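Each chain gets a letter, A, B and so on, in the order the sequences are listed, and its residues count up from 1. The figures that follow rest on heavy atoms only: side chains count, while hydrogens, waters and symmetry mates do not. Here the structure is a predicted model, which means the values were calculated and not measured.
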Amino acid sequence: MDDQTRMLAGMGGLGGLSQADVGDPDSVRKQQSLGQPQQDIGDILQQIMAITDESLDEAQARKHALNCHRMKPALFSVLCEIKEKTVLSIRGVQEEDPPDPQIMRLDNMLLAEGVSGPEKGGGSAAAAAAAAAAGGSPNDGSIEHSDYRAKLTQIRQIYHSELEKYEQACSEFTNHVMNLLREQSRTRPISPKEIERMVAIIHRKFSSIQMQLKQSTCEAVMILRSRFLDARRKRRNFNKQATEVLNEYFYSHLSNPYPSEEAKEELAKKCGITVSQVSNWFGNKRIRYKKNIGKFQEEANLYAVKTAVDAANVSAQASQANSPATPNSGGYPAPCYTPDGRL
DNA sequence: ATTCATGATTATTG
DNA sequence: CAATAATCATGAAT
């Protein structure tokens with residue numbers, strides 16, 4: 001409002017200058033031929049320039065008088081109409097937004113990952129944690145899974161709070177702009193349609209911010225997934241017994257190290273790993289052995305000896321049973337190292 | 001910090 | 001589908 005006054009004053013100043021600056025004979029002739037209207041314009045300019053000298057109250061009063069003029073509503077609607085036809089028609093039609101495939105994709109993914117879906121957070125996460133705690137089988141993966149769920153819940157919470165913040169900011173800002181426009185619509189031609197359009201623009205801006213949020217949330221979920229669901233990242237070496245058993249089998253079947261499905265199952269059970277882990281192990285072992293037999297020679301000898309010693313020690317284990325001090329860490333019968341056997 | 005060992009995954013082949 | 005070869009990502013040793 002103050003700005004408007006100043007601006008008008010400035011324009012008035014410009015107008016005055018150009019009028020005082022008439023060195024052009026043409027404009028002089030025009031002035032003379034136009035006659036009476038020119039006189040009016042001069043008056044108006046005088047009035048505008050005088051505004052700066054008026055007090056605020058006076059200006060307010062003048063504005064009020066204008067607002068109350070009986071022609072005002074009609075003039076206003078005409079102005080709105082003209083504006084609608086000129087300015088707004090330029091970028092009128094193509095504003096129907098096609099549902100952005102990008103944001104659809106993000107939405108779908110967030111929904112699929114259970115980030116933006118129905119609230120199944122606190123209760124079931126706690127339940128999962130409890131189940132994992134009660135389960136007690138450590139390499140079941142349920143602990144990892146509950147950890148994953150917890151992290152996912154965390155992400156969801158952040159996502160929702162951010163989203164809410166954005167919503168709030170958006171509606172706040174929209175309200176502000178609408179109030180502003182409504183206020184201004186008393187002094188300049190703003191149609192309701194235009195306000196609507198403005199709101200749409202604001203919403204588009206905010207939704208692009210939301211898309212960024214969704215995108216980074218998706219990213220976080222992807223990282224989380226790869227962190228927890230990609231087994232490579234939680235690789236644990238098999239325990240010593242397991243490697244023992246596997247190596248034993250491998251080197252005792254060195255001519256044909258391809259355990260049958262049955263043998264794999266047996267090995268898996270003995271080692272406390274899955275069949276596919278056994279398959280992985282043999283796959284890796286074969287290729288790595290083949291690639292560099294020399295490197296594995298020592299190991300091969302060792303296991304050859306070991307199997308021989310094991311066979312010889314079947315009876316010895318019975319005699320070991322009456323010795324109470326067996327400092328074996330595992331509960332397995334006999335690691336039974338006798339590295340003196342240098343064959 | 002770098003290097004090696006190792007379990008898992010991916011692409012390819014038959 | 002299973003075996004292979006290459007590669008990834010981590011754990012452990014240096």
(request) Using whole Å, report how far NZ of A:Lys291 lies from P of B:dA5. (result) 13 Å
(message) I need the residues from residues 277-285 of chain A with at least one non-hydrogen atom less than 4.0 Å from DNA chain B; give them sorted by number, or say none.
(response) A:Gln277, A:Asn280, A:Trp281, A:Asn284
(request) For A:Ile273 and B:dT6, give me the distance from atom CD1 to atom P, rounded to whole Å. (result) 14 Å
(message) In this structure, how many angstroms lie between the C1' atom of B:dT6 and the CG atom of A:Asn239, rounded?
(response) 14 Å
(message) Would you say A:Lys295 places a side-chain N or O within less than 4.0 Å of OP1 or OP2 belonging to B:dC4?
(response) no
(message) For a quick test of reading the model: is some side-chain N or O of A:Arg286 closer than 4.0 Å to OP1 or OP2 of C:dT4?
(response) yes
(message) Assuming nearest nucleotide by heavy-atom distance, tell me which of A:Lys264 and A:Arg288 is located more 5' along DNA chain C.
(response) A:Lys264
(message) Please confirm whether the shortest side-chain N or O distance from A:Tyr289 to OP1 or OP2 of C:dA5 is below 4.0 Å.
(response) no
(message) I want to confirm an ordering. Mapping A:Tyr258 and A:Asn237 to their closest nucleotides on DNA chain C, which one lands closer to the 5' end?
(response) A:Tyr258
(request) Please report, rounded to the nearest Å, how far the C1' atom of C:dA6 is from the CD1 atom of A:Ile287. (result) 9 Å
(request) Might you confirm whether atom NE2 of A:His253 has over 12 heavy atoms from other residues, nucleotides or ligands at distances under 6.0 Å? (result) yes
(request) Report yes if a side-chain nitrogen or oxygen of A:Arg236 is closer than 4.0 Å to either non-bridging phosphate oxygen (OP1 or OP2) of C:dT10; otherwise report no. (result) no
(request) Look at the aromatic rings of A:Phe250 and A:Tyr289 and report parallel, tilted or perpendicular, splitting at 30° and 60°. (result) perpendicular
